[in-house]
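Right, one structure below, let's go through it.
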Amino acid sequence: MSRRNSDAEDADANPPVRRVSDWDADRLAALAAEHDTPLYVQDLDRVRENCERLLSAFPDADVRYAVKAHTGRAVLEAVREAGLDAECASAGEVDRALAAGFGGDRLHYTAVNPPARDLDYVVDVAEREPGLTVTAGAVDTLDRLAERGYDGRLCLRVNPGVGAGHHAKVTTGSAPKFGVPYDRAAGVAREAAERFDVVGVHAHAGSGIDPDQLDSHRELVARMGDLALELTDPDPADADPLDLEYVDVGGGFGVPYREDDDPLDLPAVADATRDAVGDLRGLALAIEPGRYVVADAGVLLTRANTVKPTPEGTVVGVDAGMTDLLRPAMYDAYHPIRNLGGADGEPAPADRETESVAVAGPICETGDSFCTDRALARPARGDLLAIGVAGAYGYEMANQYNSRPRPAEVALADGEATVVRRRERLADLTTAEREADGTAETEVGR
Ligand SMILES: *Cc1c(COP(=O)(O)O)cnc(C)c1O
């Protein structure tokens, strides 16, 4: 890396990535001892650093945190204090963002085939918070908003016909589910302006913008810039110009999950983005990072409970599973794993041989596996493992399959650790059932 001196100093203070090896092992071991496992640890100081790097790479842009990556209240508050807006994908997310103190003028709701209940809720919020912006990607959604009396701020989601993404399931830019087809977008936006205050155009190409995919990012951005200029052209052949405020080019900023992946060169992505969007003639550029804000700020701690030699190799059984961290099972995602040791009578991990192992959870599913053929300091029963880069789409996708209570989460801030989500109990698994049949009161607290 050839960096100028001042950049190198910045990089020391706020490095472009935090690896699982960078976490303080003693601190994590103490947290696991105090709060038990599986345990999510989310470092709010690192969340703030990630926000700062984004804001300094995109100084003129509106930066909106896609809250679905991690909606924990402590995270939302940290992001709000850092100065980002909130991009929400459901009524529940809007509710959480409001509770975390985001005012309507910092709230963006992106409706994807929105359930009626969600639209009712958001239209109601918008009456109180008229600064809220609704992003819609289908004419039906516009009609449904109008039917509810909504005539407020509206952004049109466009399918730019190009997509990026680390896995087919998260490539959205060219999936017809998302957005109005590009060649119909201008017409739809002009019609929408008769019913709403159309303030922007939006596209999100999917997750995983990495150095190899910069070209498709550039193409998406260029198309969106062209569309915005067409819509705001003061001298169009056929229509009045729209009074747009911004062009939103979505999120998808990648993080290095593998230990040897380079971190995203954020300043280079920012340059490419500005370059591709061109002169926006006064319109703002907006971005919507989710993963980038929270991924490397989180680890999942899990304890090895079974070490089993098999003809196919050693299988390390742990107390976290796909219910706690779904990404490996759902996307074949790689998460780095570090053995923090701690098994009775075993040497420190640094003094052990390395062994290639599989790490698997307690769920009755073959897919409930965090890795195979992974070189770890030879694990022993009782060791604590840290699964890294787990802060995005980690707790957020946790579920109760196999009747598994969700794990606890601890937030770190200024050296202090606070439990921000208690570990669920067995009684939490049946709350809805017991409330339905009226027996909830007697059983709570089990
Ligand atoms: C999920 C999502 C994002 C954020 O994606 P990341 O890969 O987490 O950055 C941004 N915008 C929209 C509309 C999304 O659905």
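Just so you know, these numbers come straight off a predicted model, no measurement behind them. In each ligand, atom 1 is the first atom listed, and ligand 1 is the first ligand listed.
- Considering backbone and side-chain atoms together, E288 places an N or O closer than 3.5 Å to an N or O of ligand 1.
- Remark: L28 CG to T37 OG1 distance equals 12.5 Å, nearest 0.5 Å.
- Using modelled atom types and a 3.5 Å distance limit, the side chains of H108 and E288 yield no donor-acceptor pair.
- Residue-level proximity to ligand 1 for A69 is absent, since no heavy atom of it falls below 4.0 angstrom.
- The shortest N/O to N/O separation between Y393 and ligand 1 falls below 3.5 Å.
- Nearest heavy-atom pair across A205 and L220 is CB-CD1, 3.3 Å.
- Of the polar atoms of R291, at least one N or O is found under 3.5 Å from an N or O of ligand 1, judged by distance alone.
- The aromatic rings of F196 and Y150 sit tilted, their planes meeting at an angle between 30° and 60°.
- Near G290, meaning under 4.0 Å from one of its heavy atoms, ligand 1 places the atoms 4 (C), 6 (P), 8 (O), 9 (O).
- No side-chain N or O of S90 forms a donor-acceptor pair with one of D118 less than 3.5 Å apart.
- Counting the atoms of ligand 1 from 1 in the order shown, those under 4.0 Å from a heavy atom of A66 are 3 (C), 4 (C), 10 (C).
- With ligand atoms numbered from 1 in the order given, ligand 1 contributes 13 (C) to contacts under 4.0 Å with heavy atoms of R157.
- Close contacts between ligand 1 and G252 involve ligand atoms 5 (O), 6 (P), 7 (O), 9 (O) [criterion: under 4.0 Å to a heavy atom].
- Under the 3.5 Å distance criterion, with hydrogens and angles disregarded, a donor-acceptor pair is assigned to the side chains of T273 and H217.
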